[in-house]
There are 2 protein chains.
Amino acid sequence: MENIKLFNKLKDYEIDELLGFLHATTKVFSKGSVVINKGSKLNDICVVLVGELSISTKNINGSENVIKKVSAGSSFCTNYVCAGVKSSPVVVRAEKQTGILFLPYDRMLILHESVSQWQKLLLKNLFAEVAQENLEISARMNVLNQKTIREKILFYLNSIADEVGKNTIEIPFSREEMAGYLCVDRSALSRELSNMHKDGLIDYKKNEFQLF
Amino acid sequence: MENIKLFNKLKDYEIDELLGFLHATTKVFSKGSVVINKGSKLNDICVVLVGELSISTKNINGSENVIKKVSAGSSFCTNYVCAGVKSSPVVVRAEKQTGILFLPYDRMLILHESVSQWQKLLLKNLFAEVAQENLEISARMNVLNQKTIREKILFYLNSIADEVGKNTIEIPFSREEMAGYLCVDRSALSRELSNMHKDGLIDYKKNEFQLF
DNA sequence: TTCCCCCCGTTGCAAATGCAACATCACCCT
DNA sequence: AGGGTGATGTTGCATTTGCAACGGGGGGAA
């Protein structure tokens, strides 16, 4: 229970209290089983306690396409629940044996002064988690919005440099993962990095980059 | 005040009450003036009452890059405020003369049973607005994630067809806007649409499309 | 050490795409 | 009708990029 974003700064006894108040339930899903099917009703904020999930879109012809993985501590499908989407547009599947906590959204919004100690924090944490996901997606969108590979790379590296306030940075990706994030071919990425080095724009070694 | 997403389903007297309770303030910005500068403090949920804003990133060399426009009824910078980002990473500028409502975020989370009628709705609306923006961005990300123009087009059209449950659809874009959304060249988009028609995949006229 | 494997860089080539310039078309105004 | 204007389609061309194949280097295991 320690690393659950939604319960950040909440004391154990407060968590106990809110689980009861919200009529929370838990369930364990075995590896490969479907947690939420496309079209099924969405009423709860769902949290991964242990394990890992994949979220997939499902085409008309039935083929699935993984768009995201969710690990322990994070909630999922929160966007749909909060946005008022009643039936799931995605399939959620357990990648390993996975324990999940279900918190009815309706009850989260029943306000009582007497329980506001934890409720204020819970709501604040939920806002933070949804908003942070928004920032992550936006950041990647801005990268993908760039036309050329070089622009994508520079935009990405600069945004990180901005964040940490230095021009020597370390990225959390291998080349292959970096190519996936930038949505370009791995070899094309290597080629362009090489060109940018020749042009005196960057220096790099493994996942450490320096901007000039 | 009618079309403000944040005040959806709230009665006028409830809005009056909450404006007072939250210590809301308003301010008018003239065309071209800076509403929020990069680096300035973010404490309030901001809502456009009338007018239009642009949100821009600012490079180290000072050049600005518009990433979004915000029109009346929508809130902005909500992501940063809710995510706990204290200082603005973007510049917000008035495109026309624009009136803005500022709602201190801290006070939104002060829970009182006595005022919960409007507070519950307000919080629910805020969740909905942030989450809906997530869904919009995610949808576009999935499109941009496709490799070829043809895949981008099909993914986009299919996602809309999925939504409305028909294979004849109408999109909210002109060609130029569509090209912008798909992040491709306008003429390249026209060419590919033409090719797809030849290949018997789609039929189209203006912004109406039919999928086969 | 030697072998093996994985990650990364390099390169030739073909296909996709951006770019620019021009052609058409639809629509509005007079 | 005529002309003007803005949106869309078309096309040639140069560039970018994906793809596939190969090579080198580092690290782990026997």
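In this text, all values refer to a predicted model and were calculated from it rather than measured experimentally. Naming convention: chains lettered A, B, ... in sequence-line order (proteins, then strands); numbering from 1 in each chain.
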Quick one, give me the B/S/- string for nucleotides 5-18 of chain D, reading 5' to 3', where B means a protein heavy atom under 4.0 Å from the base and S means that only happens at the primed atoms, P, OP1 or OP2. ---BBBBB----BB

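When rounded to the nearest whole Å, the span between CD of Glu151(B) and C1' of dT17(C) equals 14 Å. Taking atom CG of residue Asp203(A) and atom P of nucleotide dG9(C), one finds them 12 Å apart after rounding to whole Å. Atoms CD1 (Ile153(B)) and C1' (dT17(C)) sit 12 Å apart, rounded to a whole Å. Computed from coordinates, the Met178(A) CE to dC7(C) P distance equals 17 Å when rounded to whole Å. Between the C1' atom of dT10(C) and the CG atom of Asn195(A) lies a distance of 11 Å, rounded to the nearest Å.
Residues Thr78(B) and Ser75(B) bring a donor and an acceptor atom of their side chains to less than 3.5 Å of each other.
Over its length, the helix from dT1(C)-dA30(D) to dT30(C)-dA1(D) turns its helix axis by 30°, as judged from the five terminal pairs at each end, rounded to 10°.
Closest approach of Ile45(B) to Cys82(B), counting heavy atoms only: CD1-SG, 4.3 Å.
Using cut-offs of 30° and 60° on the angle between ring planes, the pair Phe173(A) and Tyr181(A) is tilted.
Atom CD of Glu151(B) sits in a crowded spot, with more than 12 heavy atoms from other residues, nucleotides or ligands closer than 6.0 Å.
Note on Asp162(A) versus Lys38(B): salt bridge recorded, some NZ/NE/NH1/NH2 to OD/OE distance being below 4.0 Å.
Among Lys152(B), Arg150(B), Arg175(B), the single residue meeting the salt bridge (charged side-chain N to carboxylate O under 4.0 Å, His left out) criterion with Glu192(B) is Arg150(B).
Contacts classified as salt bridge (Lys or Arg N to Asp or Glu O under 4.0 Å) and involving residues 74-103 of chain B (residues at least two apart or in different chains) are given here: Glu64(B)-Arg93(B), Lys69(B)-Glu95(B).
Between the side chain of Asp44(A) and the backbone N or O of Cys46(A), no donor-acceptor pair lies under 3.5 Å.
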